[in-house]
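One structure is given below, encoded as structure tokens.
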Amino acid sequence: MAKKKWSGRFEKGLDPLALDFTQSVEFDKKLYYYDILGSMAHARGLARAGILSKKEAKKIAGGLHAVVRDIQSGKFQFKEELEDVHRNIESALIKKIGRVGGKLHTGRSRNDQVALDFRLYCRDRLEELHDSLVGLERATLKKAKETVDILMPGYTHLQRAQPIRFAHHLLAYIEMWERDRTRILEVFRRINISPLGSGALAGTAFPVDREGVARDLGFTEVSHNSLDAVSDRDFAIEIASLSSLLMMHLSRLAEEWILWSTTEFNFIHLPDSFCTGSSMMPQKKNPDILELIRGKTGRVYGHLISLLTVMKSLPLAYNKDMQEDKEAVFDLFETVINCIDILAAMMPKVQPNRTALQRAVSDSFLLATDLADWLVKKGVDFRSSHEIVSKVVLFSLQKKKELHELSLADFRRFSKTFNQEVYQILKPEISVNLRRTTGGTARQTVLKEIKRLEERLP
Ligand code: ARG
């Protein structure tokens, strides 16, 4: 434990308890790569501005390279007494190349440094998240193509409502994920702004070319207010928010698949390789993966609330509270990317149970709406036709018959408009294919959407 003083300003070293409480190196060492990337660009910027000589800049770059090598080979020892990743790396650099290493921090504060590192980190992870999501969407599109001819009951209120295509249901999720993907791309644009040069809070007195350094790091813009730049964590909150929405979508699919894989539904067969057994009940096959996806949604929402709360009412500019941002965001990315990847791996192996789905979709009451629509096409107003068909339904329930098992005379007790033609429409295949407008369940419509989505994906 260090007794080392912070600087000449301090008469005493930090209490070990205080040191342990404030240090962040334990988790922010994850940022080492971005810290060094940022430092290299900063050193090049200082050299271009004539603040560092070419020789000094070269020495610093060489030293930073050596530090990366040490870290990547496992030789580097992060020290708690050096508080965070930034001071650990700077101190290692000075140890390697001497006092010239101390020039690196010219015109920079850890406040703009951490904002920079964190943005660089988020930029890369967002790209990974984006690519994972595209992978899941592709796997789902493939499944939709394979299952386009399988029908199933669609539900509202978890009650059987109307026939739909299994593939149409899958495409509903791709729509949600496409909105998630758009959000990722939007947040990426707002992250891709360089805060470097904002100093501790008031900018820098050294004539560095902020725009040049930003370009060097692949940023599209520089921040325009030093106070905001060091105290902005909107991007972390936006990541948590888009992740929460994304997890909410995954949790709905997870829940549906859990339900559909029960003996009661038996709509799908989950792959053994993504299920577990019970330690006591030999017959059990549990959908643990899906349950965990559902469960981890809570954890992601938790991060959103904690980030919002950390930032609430914080006076400008940097406050140490903000150090709490990192663990949340690290865990967010890991959790969400894991959930997406495992779902994508599972997708090709989830098998719809054609027999059970066929049986379920043959429930003729799913076609009550089609019957009412048919009457409307024959000139009956919709309110009356709704009333007529609800009476027909009640009648067949009382007679314990399916709609197509009623005789024409039975139908005609409720409306003289009924004729032999009704038997033609009382088929689920007819019902789904009648819905041809964009977004509907007709075979051609669904195939068209599959194609549109395929073309949309990068
Ligand atoms: N470890 C700190 C953080 O993550 C770095 C910035 C420290 N700045 C400061 N003024 N103490 O927020």
Side-chain angles (χ1 to χ4, degrees), residues 2 4-10 13-39 42 67 71 76-94 102 104-125 191 193-205 223 225-237 239-240 303 306-334:
K4 212 175 135 237
K5 290 192 300 168
W6 232 102
S7 70
R9 159 76 179 75
F10 285 77
L14 201 56
D15 185 286
L17 279 175
L19 174 67
D20 189 50
F21 190 68
T22 51
Q23 65 85 22
S24 56
V25 66
E26 181 190 326
F27 52 84
D28 67 15
K29 60 182 174 210
K30 239 196 173 86
L31 295 174
Y32 82 87
Y33 179 79
Y34 302 99
D35 194 71
I36 291 176
L37 206 67
S39 287
H42 181 60
V67 175
I71 297 177
F76 195 93
Q77 284 259 321
F78 284 101
K79 295 192 190 101
E80 225 184 60
E81 67 261 29
L82 288 172
E83 198 188 345
D84 55 26
V85 64
H86 323 293
R87 289 186 54 219
N88 265 275
I89 289 175
E90 191 187 9
S91 137
L93 175 71
I94 295 172
L104 172 64
H105 213 51
T106 312
R108 184 176 76 171
S109 148
R110 276 188 303 155
N111 296 351
D112 57 350
Q113 187 178 358
V114 72
L116 174 77
D117 296 2
F118 203 25
R119 278 177 186 265
L120 289 170
Y121 169 87
C122 288
R123 213 169 62 168
D124 274 6
R125 294 293 87 74
I191 288 190
I193 296 171
S194 172
L196 197 62
S198 301
L201 76 163
T204 171
S223 56
N225 182 291
S226 57
L227 285 173
D228 177 51
V230 291
S231 55
D232 169 31
R233 292 296 182 271
D234 289 5
F235 61 94
I237 297 173
I239 288 167
H303 290 314
S306 77
L307 285 168
L308 280 168
T309 313
V310 164
M311 296 308 292
K312 177 185 176 293
S313 316
L314 268 194
L316 302 189
Y318 178 85
N319 297 272
K320 187 77 164 183
D321 313 43
M322 289 159 69
Q323 183 168 286
E324 287 290 307
D325 58 3
K326 276 164 226 70
E327 285 161 294
V329 171
F330 294 163
D331 187 67
L332 272 169
F333 278 121
E334 199 179 308

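The chain is numbered in sequence order, starting from 1. Just so you know, these numbers come straight off a predicted model, no measurement behind them. The analysis underlying the following values was restricted to heavy atoms, covering all of them including side chains, and did not include hydrogens, waters or symmetry mates. Indexing begins at 1, ligand by ligand and atom by atom, following the structure's order.
For Ala317, the side chain to side chain contact (heavy atoms under 4.5 Å, CB included) criterion is met by Leu201, Leu227, Val230, Ser231, not counting sequence neighbours. Partners of Lys29 under the side chain to side chain contact (heavy atoms under 4.5 Å, CB included) rule, at least two apart in sequence or in another chain, are Val25, Phe78. Partners of Ser39 according to the side-chain hydrogen bond (donor to acceptor under 3.5 Å, both in side chains) rule, which considers only residues two or more places apart in sequence or in another chain, are Arg108.
The residues Asp28 and Lys326 are annotated as not salt-bridged, no charged nitrogen and carboxylate oxygen being separated by less than 4.0 angstrom.
Remark: Lys30 qualifies as a cation-pi partner of Phe330 under the 6.0 Å distance and 45° angle criteria applied to the six-membered ring.
Open room surrounds OH on Tyr33; 12 or fewer heavy atoms of other groups in view lie less than 6.0 Å from it.
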Can you give me a line-by-line list of nitrogen or oxygen pairs between ligand 1 and the protein shorter than 3.5 Å?
residue: ligand 1; atom: 1 (N); partner: Ser24; partner atom: OG; Å: 3.2
residue: ligand 1; atom: 1 (N); partner: Asp84; partner atom: OD2; Å: 3.3
residue: ligand 1; atom: 1 (N); partner: Gln323; partner atom: OE1; Å: 2.9
residue: ligand 1; atom: 4 (O); partner: Lys326; partner atom: NZ; Å: 2.5
residue: ligand 1; atom: 8 (N); partner: Asn111; partner atom: OD1; Å: 2.9
residue: ligand 1; atom: 10 (N); partner: Asn111; partner atom: OD1; Å: 3.0
residue: ligand 1; atom: 11 (N); partner: Arg110; partner atom: NH2; Å: 3.4
residue: ligand 1; atom: 12 (O); partner: Tyr318; partner atom: OH; Å: 2.4

